[in-house]
Student: 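Encoded as structure tokens, here's the structure I'll be asking about.
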Number of protein chains: 2
Amino acid sequence: MSSLCFPVSAKKYRELNDESRQLVAQRFAVLAEPMRLRLLQILFSGELSVNGLVKLTGGTQTNVSRHLHTLTAAHLLDRRKQGSQVFYRVADPTVRKLCELVCGSLEKQFSEQADAFRAD
Amino acid sequence: MSSLCFPVSAKKYRELNDESRQLVAQRFAVLAEPMRLRLLQILFSGELSVNGLVKLTGGTQTNVSRHLHTLTAAHLLDRRKQGSQVFYRVADPTVRKLCELVCGSLEKQFSEQADAFRAD
DNA sequence: TGTCTATATGCACATATGCGCATGTCCAAC
DNA sequence: GTTGGACATGCGCATATGTGCATATAGACA
């Protein structure tokens with residue numbers, strides 16, 4: 001399984017071109033929004049309608065809908081219409097891994113800072 | 001190894017609070033910038049001075065320096081002064097994993113889209 | 001057909017952010 | 001001490017983006 005930035009050989013990594021780098025940056029940008037992360041977190045437990053997400057998040061219908069659109073356009077969510085309702089669910093399993101990696105990194109970072117204080 | 005959003009039990013995930021979510025979003029935001037990704041890519045091969053990075057990227061000294069500051073403030077890079085030069089190196093190994101995950105996801109996404117065209 | 005609910009979207013506004021120019025700071029070498 | 005190189009930063013500007021309000025669209029139900 002190769003990838004745009006996966007190791008090509010043992011130590012050599014293929015470099016992304018400007019266009020690919022732009023796409024990677026856009027993917028990260030989609031995740032760089034607290035409300036979108038909140039929506040993803042909720043949807044990790046299963047699919048839900050827009051109204052359900054509005055109620056759980058406390059956000060406005062406009063805002064929730066727009067963020068869901070952004071996440072769907074990035075292929076991170078799938079859309080399913082049922083009657084007048086629209087159900088969204090996580091389409092890309094890597095999203096959860098990305099969040100876990102960042103959370104783990106932040107936790108480690110803060111732990112080390114706490115240790116540094118104790119060491120003083 | 002627990003984490004702010006790691007699985008607490010088999011299927012139950014602990015939810016982040018607003019503050020933690022904000023921090024996760026900020027971490028993603030740091031990565032949501034093509035020039036910063038370019039700098040990280042280069043630094044994956046080893047530490048380098050600001051001037052070295054300016055020459056390799058073709059960016060202005062101002063811009064490179066500012067992005068390096070952003071990455072360092074986020075604890076993704078480490079700074080080492082040697083004389084009048086400053087050398088930067090990757091401090092957080094998860095950054096590489098994050099980029100690889102996104103690249104893999106994008107590659108899969110485009111492959112599936114290509115297949116969909118062929119299927120037609 | 002008319003009304004109510006669910007969802008999406010055009011518009012305007014406030015804020016955030018990347019960028020270049022000019023300048024400041026720090027260090028080395030003469 | 002002075003000069004020059006390496007790096008950082010204040011300022012202003014252009015652009016991008018998140019948000020709410022009002023409205024449009026679409027489907028359910030009487």
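Residue numbering restarts at 1 for every chain, and letters A, B, ... go by the order of the sequence lines. These figures come from a predicted structure and were not determined experimentally. Keep in mind that the numbers below use all heavy atoms, side chains included, and drop hydrogens, waters and symmetry copies.
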Student: Closer than 4.0 Å, any side-chain N/O of A/His67 to the OP1 or OP2 of D/dT17?
Tutor: no

Student: May I ask you to test the A/Leu37-B/Phe28 pair for a side-chain heavy-atom distance under 4.5 Å?
Tutor: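 Contact flag for A/Leu37/B/Phe28 side chains = yes.
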
Student: Taking atom P of C/dT17 as reference, at what distance in whole Å does atom CZ of A/Phe28 sit?
Tutor: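 So the CZ-P distance, A/Phe28 to C/dT17, works out to 17 Å.
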
Student: Are more than 12 heavy atoms, taken from residues, nucleotides or ligands other than A/Glu19, located less than 6.0 Å from that residue's CD atom?
Tutor: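 12 or below, so no.
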
Student: Send over the distance from A/Leu39 CG to C/dT7 P, rounded to a whole Å.
Tutor: 13 Å

Student: Please list each protein N or O that sits under 3.5 Å from an N or O in nucleotides 27-30 of chain C, with the distance.
Tutor:
none

Student: What is the separation between atom NZ on B/Lys55 and atom C1' on D/dG5, rounded to the nearest whole Å?
Tutor: 11 Å

Student: Does the side chain of B/Arg36 get closer than 4.0 angstrom to OP1 or OP2 of C/dG18 through an N or O atom?
Tutor: yes

Student: If I take atom CG in residue B/Asn51 and atom P in nucleotide D/dG4, what distance separates them, rounded to the nearest angstrom?
Tutor: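 B/Asn51 atom CG is separated from D/dG4 atom P by 18 Å.
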
Student: Measure CG/B/Leu68 against P/C/dG18 and give the value in whole Å, please.
Tutor: 13 Å

Student: Roughly how far apart are A/Thr70 OG1 and A/Gln26 CD, rounded to 0.5 Å?
Tutor: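 Nearest 0.5 Å value for the OG1-CD distance: 11.5 Å.
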
Student: If I take atom CG in residue B/Leu77 and atom C1' in nucleotide D/dA8, what distance separates them, rounded to the nearest angstrom?
Tutor: 16 Å

Student: Less than 4.0 angstrom between a side-chain N/O of B/His69 and OP1 or OP2 of D/dT9, yes or no?
Tutor: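 Checking B/His69 against D/dT9: at least one side-chain N or O falls below 4.0 Å of OP1 or OP2.
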
Student: Is A/Lys97 paired with A/Asp92 through a side-chain N to carboxylate O contact shorter than 4.0 Å?
Tutor: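 The answer is no: the pair does not qualify as a salt bridge.
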
Student: Side chain of A/Glu33 only, heavy atoms from C-beta on: which candidate in C/dT7, D/dC7, D/dT19 is closest?
Tutor: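 So the nucleotide nearest the side chain must be D/dT19.
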
Student: Within this structure, what is the CE-to-C1' distance between B/Met35 and C/dC19, rounded to whole angstrom?
Tutor: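 About 10 Å, once rounded to whole Å.
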
Student: Once rounded to the nearest 0.5 Å, what's the spacing between atom CD of A/Gln82 and atom CD of A/Gln85?
Tutor: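 The CD atom of A/Gln85 is 7.0 Å from CD of A/Gln82, to the nearest 0.5 Å.
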
Student: Identify whether any heavy atom of A/Tyr88 sits under 4.0 Å from a base atom; if not, whether one sits that close to sugar-phosphate; answer base, sugar-phosphate or nothing.
Tutor: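 Sugar-phosphate, backbone atoms only, no base.
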
Student: Are the side chains of A/Pro34 and B/Asp18 in touch, meaning some heavy atoms are under 4.5 Å apart?
Tutor: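 No. Closest side-chain heavy atoms not under 4.5 Å.
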
Student: So, for A/Arg96 and A/Phe44, which heavy atoms are closest and what is the spacing to 0.1 Å?
Tutor: CA-CZ, 3.6 Å

Student: When you get a sec, tell me which of D/dA6, C/dA8, C/dG20 is the closest nucleotide to the side chain of B/Gln85?
Tutor: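 Looking only at side-chain atoms, B/Gln85 lies closest to D/dA6.
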
Student: Which heavy atom in A/Val54 sits nearest to a heavy atom in A/Gly59, and how many Å separate them?
Tutor: CG1-O, 3.3 Å

Student: Rounding to 10 degrees, work out the angle separating the end axes of the helix from C/dT1-D/dA30 to C/dC30-D/dG1 (five pairs an end).
Tutor: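 Roughly 20°, once rounded to the nearest ten degrees.
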
Student: Between B/Arg66 and B/Val50, name the one whose nearest nucleotide on DNA chain D is closer to the 5' end.
Tutor: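 Looking at the nearest nucleotide for each, B/Val50 comes out on the 5' side.
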
Student: Return the 5'-most residue of the pair B/Arg79, A/Ala29 with respect to DNA chain D, ranking by each residue's nearest nucleotide.
Tutor: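 Its nearest nucleotide lies further toward 5', so the answer is B/Arg79.
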
Student: Does anything in residues 56-65 of chain A come within less than 4.0 Å of DNA chain C? Heavy atoms only, and list the residues if so.
Tutor: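 Going residue by residue through residues 56-65 of chain A, the ones with a heavy atom under 4.0 Å of DNA chain C turn out to be A/Gln61, A/Thr62, A/Ser65.
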
